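Take a look at the structure below.
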Amino acid sequence: HFLRRGGRRSSRPIHSNVCLRGRFLEIGPRLGHSGVMYITPWPDHLLTLDEFAALPEDNSRHYELQEGVLTGAPRPGVLHQRMVTAVAAALDRVLPADWEALVGVEVVVAERWPPTVRVPDVVVASARAIDEDRAMLHASELLGVVEVSGPGSRCLDAVTKRYEYAGAGIPLYWIVDVGPPVTLTDYRLSGSAYHVAWHGGGTYEVREPFELSLDLDALARRPPAPSG
């Protein structure tokens, strides 16, 4: 079996760094909960959507599917996660009832062969699609996506994912760069490509498709405790 996102691991113990077995290149090792070293098997062919969906769970990496190629990036740090949570909460407070902000959702960006599945940091998705409780959403069900970008992901977010999300027809794409200073780039879809509607730091204010005032520097700080 391959390993994928989530919480379950399904590896075998080894004592070497890299070994090639059958169809998979096995990359590792890493230390499991029992103190035994494990390796992560890697596919040697382009995956279908069904193969990707069938992969066992593994939260040791951030897994996506890029034109059929399984990719695994290091898990983001806790400051990144704080900022993702803050952006999602800010969006959810102002979105109309038929839209909802979620984090860590798998999105089918391109279903045609070879397929692409991304896991944006934040998605603004149709509440009706979320109610259906599917494993993945489709790009057509999204109003927008947000990527919190930093070392290791800036080129991917600004070039590759920008091209993919535009091609999938997602109307709104934000890149929040961790900085310092924290900046936001607001991309809006025009035809088949994005144009920059706003870029900067400080406070970002938007009126369409929803009203929001966002203190970008505050995204990286612990929010104050609620009064009372």
Side-chain angles (χ1 to χ4, degrees), residues 62 76-107 109 118-131 137-228:
H62 180 80
V78 291
L79 180 61
H80 175 277
Q81 293 302 90
R82 172 188 282 173
M83 296 178 69
V84 168
T85 301
V87 171
L91 284 168
D92 221 30
R93 285 193 294 267
V94 302
L95 288 172
D98 50 348
W99 297 103
E100 188 172 346
L102 295 177
V103 302
V105 175
E106 291 178 344
V107 176
V109 175
R118 293 298 185 185
V119 187
D121 287 319
V122 183
V123 300
V124 177
S126 160
R128 179 176 297 180
I130 296 169
D131 289 341
L137 295 175
H138 287 261
S140 60
E141 297 167 321
L142 305 184
L143 175 63
V145 295
V146 183
E147 298 287 3
V148 175
S149 189
S153 70
R154 286 189 172 104
C155 184
L156 178 65
D157 294 337
V159 180
T160 304
K161 291 187 177 181
R162 177 182 174 185
Y163 172 81
E164 292 173 349
Y165 295 155
I170 299 173
L172 175 69
Y173 178 32
W174 289 358
I175 296 178
V176 177
D177 194 289
V178 299
V182 179
T183 62
L184 184 148
T185 305
D186 177 354
Y187 293 106
R188 301 298 177 100
L189 192 63
S190 177
S192 59
Y194 287 122
H195 72 275
V196 177
W198 190 87
H199 171 79
T203 299
Y204 170 60
E205 295 188 352
V206 61
R207 295 289 177 262
E208 294 290 340
F210 43 76
E211 291 193 19
L212 174 67
S213 179
L214 193 60
D215 182 345
L216 298 176
D217 292 325
L219 297 176
R221 300 193 298 266
R222 172 75 167 91
S227 58

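Positions are given from 1, in the same order as the sequence printed here. It should be emphasised that the depicted structure is a prediction, and the values quoted were computed from it without experimental measurement.
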[Y] and [X], any side-chain heavy atoms less than 4.5 Å apart:
X      : Y      : value
Leu219 : Leu214 : yes
Val182 : Arg221 : no
Val196 : Thr185 : yes
Asp157 : Tyr173 : yes
Arg118 : Leu156 : yes
Val124 : Leu91  : yes
Val178 : Arg154 : yes

Between the side chain of Asp177 and the main-chain N/O of Thr183, is any donor-acceptor distance below 3.5 Å?
-> no
Between the side chain of His80 and the main-chain N/O of Val148, is any donor-acceptor distance below 3.5 Å?
-> yes
Looking at every heavy atom in both [X] and [Y], which two are closest together, and how far apart are they?
X      : Y      : value
Ala90  : Leu212 : O-CD1, 3.8 Å
Pro209 : Leu143 : CG-CD2, 4.0 Å
Val176 : Val146 : CG2-CG1, 4.0 Å
Ala139 : Val107 : N-CG1, 3.8 Å
Ala88  : Ala101 : O-CB, 3.6 Å
Ala127 : Ala97  : CB-O, 3.7 Å

Results of side chain to side chain donor-acceptor pair (under 3.5 Å) for Tyr187 - residues two or more places apart only = none
To the nearest 0.5 angstrom, please state how far the OH atom of Tyr165 sits from the CH2 atom of Trp174.
-> 15.0 Å
Evaluate side chain to side chain contact (heavy atoms under 4.5 Å, CB included) for Leu189 paired with Ile170, printing each intermediate quantity in order.
-> CA-CA 7 Å; Leu189 192 63; Ile170 299 173; over 6 Å; no
Let me see the working for Ile130 and Leu102 under side chain to side chain contact (heavy atoms under 4.5 Å, CB included), right down to the final yes or no.
-> CA-CA 9 Å; Ile130 296 169; Leu102 295 177; 3.4 Å; yes
Glu211: what forms a salt bridge (Lys or Arg N to Asp or Glu O under 4.0 Å) with it, not counting sequence neighbours?
-> none
Count the heavy atoms of every other residue, nucleotide or ligand shown that sit under 6.0 Å from CZ of Arg128, and state whether that count exceeds 12.
-> no
Any salt bridge (charged side-chain N to carboxylate O under 4.0 Å, His left out) involving residues 178-196? Give me the pairs, sequence neighbours left out, ordered by first then second residue.
-> Asp186-Arg188
Is it true that Trp99 and Phe210 have ring centroids separated by less than 6.0 Å?
-> no
Start with the C-alpha distance between Thr85 and Val103, add both sets of side-chain angles, then the distance that settles side chain to side chain contact (heavy atoms under 4.5 Å, CB included), and finish with yes or no.
-> CA-CA 8 Å; Thr85 301; Val103 302; 5.8 Å; no
